[in-house]
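Notes for the one structure printed next.
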Protein chains: 2
Amino acid sequence: MAKMTPRKQASRLSIDDRTADILAAAREVISVKGYENVLVADIARQAGIVEGTIYRYFENKRDLLVKVAEVWFNEQLAVDSQLPMIHGTQNKLRHIAARTLQIIKSEPVLSRFMLMELRPDPNYRSTAFFEMNRRFTRETLQVCKDAIASGEFHADVSPALVRDMLHGCIEHRTWAFLRGEGDFSIDEISDGIATVVYRGMATQPASTDNAARIDAAVARLEAVATRLGGPSAA
Amino acid sequence: MAKMTPRKQASRLSIDDRTADILAAAREVISVKGYENVLVADIARQAGIVEGTIYRYFENKRDLLVKVAEVWFNEQLAVDSQLPMIHGTQNKLRHIAARTLQIIKSEPVLSRFMLMELRPDPNYRSTAFFEMNRRFTRETLQVCKDAIASGEFHADVSPALVRDMLHGCIEHRTWAFLRGEGDFSIDEISDGIATVVYRGMATQPASTDNAARIDAAVARLEAVATRLGGPSAA
DNA sequence: TTTGAAAGATGAATTGCATTCATTAGTCAA
DNA sequence: TTGACTAATGAATGCAATTCATCTTTCAAA
């Protein structure tokens with residue numbers, strides 16, 4: 001049915017190479033035009049091929065865009081492995097928050113795509129994206145669970161809720177940035193989140209009130225001990 | 001240019017009536033098919049008119065959908081006026097959280113539309129939606145500011161961040177629901193959020209537990225020490 | 001060095017929408 | 001009753017995504 005006006009074809013590549021080419025082209029186009037304005041034709045042109053060819057490698061446009069995000073997401077997951085080295089629950093929370101904000105700041109367009117298009121789509125519920133997303137927030141959950149297990153955190157609020165507070169706050173704060181409403185300070189936000197979550201969950205108040213109380217109590221005990229042991233007690 | 005095969009026309013209405021009709025029809029169709037699958041033709045059919053007519057009342061499809069959401073949003077805002085009656089910062093926070101969750105639970109499809117389509121779109125940055133959204137989160141901001149002003153909350157974390165934690169958490173928790181991943185408990189979530197935020201921000205630890213615990217421990221140690229050292233110890 | 005599948009690449013045609021606009025038909029004031 | 005005003009109409013258009021019959025390359029076997 002279709003009559004052809006044949007021209008030179010693009011060089012033939014292995015499936016993997018061509019796929020990688022298209023993904024790279026798509027990523028480039030997305031980062032330039034914003035994913036909402038990307039046309040399949042743009043991506044094809046950037047990849048040096050023709051629209052129809054893309055459909056030999058991807059189900060459809062959305063499938064392609066999802067795969068672009070997945071490549072990027074895997075990159076980000078591979079980068080950070082510092083968390084186990086960090087000590088202290090509050091420091092861990094701060095680190096997680098700061099790292100997420102860093103990612104969003106470095107790739108706003110892809111972040112926007114992720115938050116807008118991938119997260120809510122029920123058709124992609126079972127794809128790698130959700131696995132990755134889960135992996136991504138699982139750490140936070142684990143930090144909370146550990147802190148509860150050790151008695152550092154109250155057990156009266158579910159760890160999942162704490163995780164949602166942390167990641168939800170980051171997202172909410174991020175939207176303003178993605179909408180172009182000015183910049184944000186990674187340190188300020190990650191400090192704030194970690195502070196509120198930590199103080200809100202900690203069984204031992206970090207406040208100086210209690211420090212003073214403890215110091216006073218120790219002093220009284222020292223007085224008793226001194227009396228018991230004689231004047232030599234330090 | 002266009003040749004007509006004229007049929008009976010829909011009855012003529014005032015601009016306001018026809019607009020309201022279309023909005024109602026759109027809302028009905030959205031709630032049945034999910035807004036992602038709505039066709040202009042569906043809405044027209046539901047309203048008993050023809051596609052072209054819609055464009056006499058709305059700029060385009062998106063404009064129409066936005067207006068649907070705005071109507072709904074105004075309804076919700078009009079419903080709740082209890083906040084000023086509620087006493088106690090923690091109770092206010094809980095009330096705000098619970099109310100938002102209630103809205104989302106009662107109209108999941110419209111909530112989804114709001115979160116997905118309205119919030120991120122830069123083309124609608126200046127519409128009434130953003131005004132309403134602002135109004136909606138402003139309360140939370142005010143509650144925090146008041147608590148800081150009265151010395152009830154620490155001033156070391158910005159009220160805006162606290163607001164983001166509350167609303168961000170709700171959103172994050174809500175996505176699972178909107179994706180169809182089971183139900184959620186309004187009470188559990190709003191309690192949890194209010195608890196963590198309150199404890200995380202309060203200058204006075206809410207629990208006398210630790211103070212009492214420390215005092216009791218010291219008293220016991222003092223008793224032991226006294227027993228050891230003789231009756232003369234205070 | 002041919003040759004002939006097999007598989008990749010092509011782009012014209014198709015599809016599925018939203019959107020436009022020339023035309024038709026109610027409505028109502030004069 | 002009329003005519004002018006304006007709402008309603010739906011065929012035509014526009015614009016992307018997507019399909020698929022056809023063309024090209026590649027490469028192993030003869």
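Each chain gets a letter, A, B and so on, in the order its sequence line appears, and its residues count up from 1.
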Verdict with reasoning, B:Arg173 to B:Glu188, per salt bridge (charged side-chain N to carboxylate O under 4.0 Å, His left out): CA-CA 12 Å; B:Arg173 205 75 182 71; B:Glu188 191 186 325; 5.7 Å; no
Audit row: A:Asn74, A:Glu70, side chain to side chain donor-acceptor pair (under 3.5 Å) steps and yes/no: CA-CA 6 Å; A:Asn74 276 322; A:Glu70 288 185 354; over 6 Å; no
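For B:Gln9, whose side chain is taken as the heavy atoms from C-beta onward, the closest listed nucleotide among C:dT10, C:dG8, C:dA25 is C:dA25. When distances run from any side-chain atom of A:Asn60 to the nucleotides D:dT18, C:dT10, C:dA9, the shortest one goes to D:dT18.
The interatomic distance linking A:Glu59 (CD) with D:dA17 (P) rounds to 16 Å, in whole Å. When the C1' atom of D:dA7 is taken as reference, atom CG of B:Asp17 falls 13 Å away, rounded to whole Å. Distance CD1 (B:Ile43) to C1' (C:dT19): 14 Å, rounded to an integer number of Å. The distance between atom CG of A:Asn37 and atom C1' of D:dC15, rounded to the nearest whole Å, is 14 Å. Put simply, CD1 on B:Ile22 is 15 Å from C1' on C:dA18, counting in whole angstrom units. Between A:Arg62 atom CZ and C:dG16 atom P the separation is 20 Å, expressed in whole Å. Computed from coordinates, the A:Tyr57 OH to D:dT18 P distance equals 18 Å when rounded to whole Å. When the P atom of C:dA9 is taken as reference, atom CZ of A:Phe58 falls 12 Å away, rounded to whole Å.
At the phosphate of C:dC21, neither OP1 nor OP2 sits under 4.0 Å from any side-chain N or O atom of B:Tyr55. Contact annotation: A:Thr53 side-chain N/O to C:dT10 OP1/OP2 distance is under 4.0 Å. For C:dA9, one of the phosphate oxygens OP1 or OP2 lies less than 4.0 angstrom from a side-chain nitrogen or oxygen of A:Arg18.
Between A:Arg56 and A:Leu39, the one whose closest nucleotide on DNA chain D sits nearer the 5' end is A:Leu39. Between A:Val50 and B:Lys61, the residue anchored closer to the 5' end of DNA chain C is A:Val50, taking for each the nucleotide with the nearest heavy atom.
At distances below 3.5 Å, at least one donor-acceptor pair connects side-chain atoms of B:Lys105 with backbone N or O atoms of B:Phe184.
By the 4.0 Å N-to-carboxylate-O rule, A:Arg62 lies too far from B:Glu36 to be salt-bridged with it.
Rounding to the nearest 0.5 Å gives a distance of 11.0 Å between CG of B:Asp17 and CD1 of B:Ile22.
One cannot find a donor-acceptor pair under 3.5 Å joining the base of D:dT9 and the side-chain atoms of B:Glu51.
Using a 4.0 Å heavy-atom cutoff across all strands shown, B:Ile54 reaches no nucleic acid atom at all.
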